[in-house]
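Since this is a predicted model, take the numbers as computed values, not measurements. Quick note: residue numbers are just sequence positions, from 1.
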Amino acid sequence: KLSFLYLITGNMEKLRKMQKIAEHRGDTNSHYQNTLYTGDVAERVKVLKSVGQRGLAYLCAKTHGMEEEAESIAASLPAEQIPQVPENAKLLKPGVPIMKSDENWPLLTVSKGIFDKVAGGEPTSALD
């Protein structure tokens, strides 16, 4: 959810940080999702290879012009498992945010209730 917030607000720096955190935690799903959000194709291919999806890694590398990486992956696959790249395949990049926002979201002011006053040690009366 936080990654999506960073995506829609255009905060690519924090989005890349979320990608690194997901990688460090071993959360493959979040890691891959963040590579889609950031447009990091090399990292996307790396994630696909690490989970055993060599065919998808090949297609991703080949479609995005990473010829050397695609050849390397193809060499590790049996010939009958090398997928054919569609003729109309094209580079996928995430959209550019229309309006970037580096500000924090506005916060609502909330008045203290009786329980907050008691917990804070403030004197209260029965008439409050």
Quiz item: Any salt bridge (charged side-chain N to carboxylate O under 4.0 Å, His left out) pairs touching residues 64-78, not counting sequence neighbours?
Solution: Lys49-Glu69, Lys62-Glu67
Practice problem: Return each pair, listed once, that meets salt bridge (charged side-chain N to carboxylate O under 4.0 Å, His left out) where at least one residue sits in residues 72-81; pairs must be two or more places apart or across chains. | Solution: none
Quiz item: Which residues pass the side-chain contact (heavy atoms from CB on, under 4.5 Å) test with Lys20, sequence neighbours left out?
Solution: Glu23
Self-check item: Verify same cluster id: Phe4, Tyr32 (apolar side-chain graph, 4.5 Å)
Solution: no
Self-check item: Minimum-distance pair of heavy atoms, taken over all atoms of Gly55 and Pro83
Solution: O-CG, 3.6 Å
Self-check item: Pairing residues for Tyr37 by the side chain to side chain donor-acceptor pair (under 3.5 Å) criterion, not counting sequence neighbours
Solution: Gln33
Self-check item: Separation of His31 NE2 from Leu36 CG (nearest 0.5 Å)
Solution: 10.5 Å
Quiz item: Is it the case that one hydrophobic cluster holds both Met12 and Leu5, taking links as side-chain heavy atoms less than 4.5 Å apart, direct or via other members?
Solution: yes
Practice problem: Would you check if there is a donor-acceptor pair between the side chains of Thr35 and Gln19 at a distance under 3.5 Å? | Solution: no
Quiz item: If you measure from NZ on Lys17 to OG on Ser3, what distance do you get to the nearest 0.5 Å?
Solution: 12.5 Å
Quiz item: Any idea which heavy atoms bring Asn34 and Ala22 closest together, and the distance?
Solution: ND2-CB, 4.3 Å
Practice problem: Please collect all salt bridge (charged side-chain N to carboxylate O under 4.0 Å, His left out) contacts where either partner lies in residues 24-36, sequence neighbours excluded, each pair once. | Solution: Arg25-Asp27
Quiz item: Residues two or more places apart in sequence or in another chain: which of them pass side-chain contact (heavy atoms from CB on, under 4.5 Å) with Ser72?
Solution: none
Practice problem: Report the hydrophobic cluster partners of Tyr58, with the cluster defined as I, L, V, M, F, W, Y residues connected by side-chain heavy atoms closer than 4.5 angstrom, directly or transitively. | Solution: Val41, Val45, Leu59, Met66, Ile73, Leu77, Ile82, Val85
Quiz item: In Å, rounded to the nearest 0.5 Å, how long is the span from OH of Tyr6 to CG of Leu15?
Solution: 9.5 Å
